[in-house]
Amino acid sequence: MTDVLTPVLTDNWGDERAWTLASYAARGGYTALDKALSMTPDAVIAEVKDSGLRGRGGAGFPTGMKWGFIPQDNPKPKYLVVNADESEPGTCKDIPLMMASPHTLVEGVIISSYAIRANKAFIYIRGEVLHVIRRVQRAVEEAYAAGHLGTDIHGSGFDLDIVVHAGAGAYICGEETALLEGLEGRRGQPRLRPPFPAVAGLYASPTVINNVESIASVPSIIGHGQQWFASMGTEKSKGFGIFSLSGHVQTPGQYEAPLGITLRTLIDLAGGVREGHELKFWTPGGSSTPLLTAEHLDMPLDFEGVGAAGSMLGTRALQIFDDTTCVVRATLRWTEFYKHESCGKCTPCREGTWWLVQTLTALEKGQGTEADLDLLLDQCDNILGRSFCALADGAVSPIMSSIKYFRDEYVAHLTEGGCPFDPARSTAWAGQEVTA
Amino acid sequence: MTLTPETYDELRAIGARYPEPRSGLLPMLHLVQSVEGRITPEGIEACADVLGITAADVSGVATFYTMYKRRPVGDYHVGVCTNTLCAVMGGDQIFQRLKDHLDVGNDETTDDGKVTLEHIECNAACDYAPVMTVNWEFMDNMTPESAVTLVDELRSGTEVQSTRGPRIVTWREAERVLAGFPDDLADDGPAAGPASLVGLGIARERGWTAPPSDASGSSEGVADTKAEAVAQADTSRAETETKQEEASDD
């Protein structure tokens with residue numbers, strides 16, 4: 001029986017100077033690279049594919065299979081791009097990973113590039129995390145100096161260069177084709193697919209784009225073998241993942257566990273919901289995944305379990321809200337975020353998110369009538385599935401799900417002529433004698 | 001201000017990192033901000049000149065990304081997360097308190113040119129809510145009081161340390177790192193803040209570990225074909241492989 005928590009990626013985060021090559025190498029860092037370089041690239045792809053690793057950036061597509069889509073007979077250069085633009089509200093796993101152990105990511109990049117036969121890789125990090133960028137820049141420098149990067153790596157004949165690229169503030173660049181636009185020096189607007197990046201990605205060349213945690217999982221899979229990875233998790237959702245608990249729990253933080261753990265177990269480990277309060281609603285994988293409630297506490301947190309409950313595992317960004325939180329306020333704020341971050345390319349998203357904010361703002365103030373709830377749902381219906389990328393789909397998730405579970409609370413705003421909640425009660429310092 | 005030949009050389013050096021120089025435009029604009037204190041018309045012309053594209057192309061990019069500022073930014077860019085989780089945990093109160101205390105609105109700078117206040121979106125530190133940033137360094141677990149102390153110290157020239165990083169550098173110095181010219185501060189600060197380590201701490205305490213290397217799981221259930229993978233994945237998010245491709249393959 002697997003343990004409740006299984007630190008792999010987080011295992012060295014508490015080490016002295018964990019971010020340095022010396023610290024990483026002292027626990028066997030870069031030995032998985034040697035093992036990978038002794039295998040054929042196709043064998044590395046097969047190992048990752050057989051492990052069952054599915055993309056940790058939200059969608060859950062099998063990583064090894066994605067690598068296998070790269071047409072090796074295409075004469076153009078192949079590229080690996082790491083999506084380190086972590087910005088989905090609630091998601092906070094890749095940033096601490098890169099801060100604490102950037103070499104895990106760098107080793108993963110080298111192995112993954114070897115597998116897909118790329119000689120140039122890019123790590124696209126959102127710009128708003130200065131110290132994380134410093135740590136990754138330093139790790140890449142150290143890896144060059146140690147011969148893990150550059151030409152003829154470990155005498156294998158394989159060459160690789162890594163460029164660390166800082167973004168400049170755009171949630172949309174977490175969408176992989178918008179990210180490629182940003183990386184080509186353009187406005188971050190998603191591309192029409194097909195062609196898919198595997199065929200025509202960066203500079204119209206075959207490109208693999210993977211999330212930080214996916215790539216960081218690769219050294220352990222190669223090091224221990226695919227069967228080891230598959231010994232954790234559930235039938236179709238193999239392995240471990242970092243679960244990020246935030247909000248109204250006693251000890252928010254990062255918990256690395258096999259996929260399939262339940263929120264009840266995680267909240268227990270976190271010391272429970274805030275003293276004297278109850279769980280009201282939560283997101284399983286960031287704000288773009290439909291809200292869930294206390295009735296979903298025992299649902300397995302794997303791709304299948306969360307999907308069956310009408311939501312998505314996403315990035316395992318578990319934002320916990322207790323009974324002091326107004327769901328209408330929470331939803332309005334997320335909607336304002338999507339409005340701000342819409343890139344403007346597709347009309348339903350660009351215009352629709354403004355309409356959603358307008359309608360929700362009135363409801364939050366207790367203005368309007370119950371018919372406006374139907375108007376809101378009608379607006380959602382005109383936005384969902386009608387744009388190039390999934391930003392707009394994410395925008396309607398909190399609205400549709402909050403109306404589904406908390407319609408009465410919306411109505412209460414109307415009957416009471418405003419918000420019945422006191423925002424001071426939901427703050428981190430509520431109940432303590434700290435005056436705002 | 002006139003951009004120096006050294007700055008032009010550095011702009012070219014950024015472009016040279018990439019197979020196609022235009023890929024350097026985002027870091028190049030960070031460098032412009034580091035030198036000019038904002039995105040200036042001259043900085044836009046310089047990027048256009050170096051890349052051989054039009055100033056309109058560069059402007060189009062510079063106006064798309066929120067980290068690029070067309071008005072001068074103070075020595076310290078102070079961000080307050082007011083996305084839902086941080087807002088609920090007190091970010092709204094912190095932001096209001098700072099607006100009152102500094103007598104500025106959103107995206108405005110204090111009269112002494114020291115502090116620019118902006119409410120920011122989720123900065124991937126939700127387990128430390130409410131979160132603030134100074135020049136894109138984390139300031140975790142803030143309160144209205146600690147926020148006021150922070151900005152007072154910044155304005156008075158007291159050295160301030162990030163709660164999970166080094167001493168705070170100026171906004172222009174930070175922009176230079178983002179342009180890909182590292183300073184020497186990577187080794188400062190801890191590997192991880194306390195919240196990042198809670199799960200690991202519990203595992204250590206209870207003796208929980210990942211399985212030994214010889215653990216063996218079944219690969220049954222692992223998708224073998226693209227069709228199976230697509231069926232399992234969340235394709236509604238329009239990630240790489242969608243049903244559309246599946247259809248076009250048929």
Side-chain angles (χ1 to χ4, degrees), chain A residues 3 5-8 10 13-14 18-19 50 52 59-62 65 86 89-90 92 95-96 100 127-128 130-131 134-135 137-138 163 166 168-170 184-185 187 196 224 227-228 230-231 235-236 246-247 251-256 312 319 325 330 333-334 337 389-390 426-429 436, chain B residues 17 20 22-23 25-27 60-61 64-68 83-85 87-90 93 121-127 129 136-137 143-144 165 174 178 182 186 191-192 195-200 202-203 208 210-211 213 215-217 219 221-223 229 232-234 237-241 245:
Chain A
D3 287 340
L5 295 178
T6 50
V8 177
T10 57
W13 290 9
W19 64 89
D50 292 342
F61 195 84
M65 190 175 295
E86 182 168 65
C92 50
I95 293 303
E128 301 99 323
L130 184 62
H131 204 47
R134 280 196 193 100
R135 289 264 165 95
Q137 287 171 338
R138 174 64 61 85
V163 176
E184 290 185 6
R187 296 165 72 88
F196 290 89
H224 298 283
Q227 292 208 336
W228 167 83
S231 75
E235 188 197 351
K236 292 180 177 171
S246 61
T251 46
Q254 309 299 324
Y255 299 78
E256 190 174 7
M312 292 173 276
Q319 306 174 88
T325 314
R333 191 59 59 88
W334 277 319
F337 165 75
C389 83
S426 64
T427 61
W429 52 85
Chain B
R17 294 174 196 154
E20 296 186 12
R22 181 165 176 170
S23 281
L25 184 51
L26 266 53
V61 173
F64 184 86
Y65 297 91
T66 52
M67 288 176 77
Y68 299 133
N83 201 298
T84 298
L85 189 112
V88 164
M89 299 298 285
Q93 286 85 343
E121 298 300 351
C122 185
N123 219 54
C126 315
D127 43 347
W136 309 115
E137 303 278 17
T143 66
L178 298 181
S196 308
L197 297 172
V198 293
L200 180 64
I202 292 170
W208 289 339
S213 277
S216 171
S219 55
V222 171
Q232 285 184 11
D234 170 24
R237 291 218 170 179
E239 285 283 352
T240 305
E241 281 70 33
E245 189 191 40

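Proteins come first, then strands; the chains are lettered A, B, ... in the order of their sequence lines, and each starts at number 1.
- The greatest number of non-hydrogen atom pairs below 4.5 Å with chain A, out of B/Asn83, B/Leu85, B/Leu197, is found for B/Leu85.
- Ranked by heavy-atom pairs shorter than 4.5 Å toward chain A, the options B/Ala129, B/Ser216, B/Pro27 are led by B/Ser216.
- Per-residue heavy-atom pair counts under 4.5 Å with chain A were compared for B/Ala191, B/Gly199, B/Gly60, and the maximum is reached by B/Ala191.
- Looking at B/Asn123, its side chain does come within 3.5 Å of a backbone N or O of A/Glu128 through a donor-acceptor pair.
- Contact count versus chain B (heavy atoms, under 4.5 Å) is highest, among A/Met65, A/Gln254, A/Arg187, for A/Arg187.
- Among all heavy-atom pairs drawn from A/Pro96 and B/Ser196, the shortest one is CB-OG, 3.8 Å.
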* Asked: Could you go step by step and tell me if A/Tyr255 and B/Ile202 meet the side-chain contact (heavy atoms from CB on, under 4.5 Å) rule?
  -> CA-CA 9 Å; A/Tyr255 299 78; B/Ile202 292 170; 3.8 Å; yes
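- Between A/Asp50 and B/Val222, every side-chain heavy-atom pair lies at or beyond the 4.5 Å cut-off.
- Heavy atoms closer than 4.5 Å to chain B are found in the side chain of A/Thr325, but not in its backbone.
- Ranking A/Glu256, A/Arg135, A/Glu235 against chain B, the residue ahead of the rest is A/Arg135, based on heavy-atom pairs under 4.5 Å.
- Of the residues listed (A/Arg134, A/Gln137, A/Arg138), the one engaging B/Pro182 in a side-chain contact (heavy atoms from CB on, under 4.5 Å) is A/Gln137, and it is the only one.
- Nearest heavy-atom pair, A/Gly185 versus B/Val61, reported as atom, atom and distance to 0.1 Å: O-CG2, 3.4 Å.
- When each of A/Gly52, A/Gly14, A/Pro252 is scored by its heavy-atom pairs under 4.5 Å with chain B, the top score falls to A/Pro252.
- No other option in A/Ala166, A/Gly127, A/Ala168 has as many heavy-atom pairs under 4.5 Å with chain B as A/Ala168.
- The shortest non-hydrogen separation linking A/His131 to B/Gly165 is CD2-CA, 3.8 Å.
- Taking all atoms of both residues into account, the shortest heavy-atom contact from B/Glu137 to A/Leu130 is OE2-CD2, 3.4 Å.
- Distance OG1/B/Thr143 to CH2/A/Trp429: 6.5 Å, rounded to 0.5 Å.
- Looking at B/Thr66, its side chain does come within 3.5 Å of a backbone N or O of A/Gly169 through a donor-acceptor pair.
- For chain A, the option among B/Ala215, B/Ala192, B/Ala174, B/Ala87 with the highest count of heavy-atom pairs below 4.5 Å is B/Ala215.
- Only the backbone of B/Ala125 comes within contact range of chain A, judged by heavy atoms closer than 4.5 Å.
- Put simply, of A/Glu86, A/Glu184, A/His224, A/Gln319, the one with the most heavy-atom pairs under 4.5 Å next to chain B is A/Glu184.
- The two residues B/Pro211 and A/Thr6 make their nearest non-hydrogen contact at CD-CG2, 4.5 Å.
- Of all the heavy atoms in B/Asp127 and A/Cys92, the pair that sits closest is OD1-SG, 3.7 Å.
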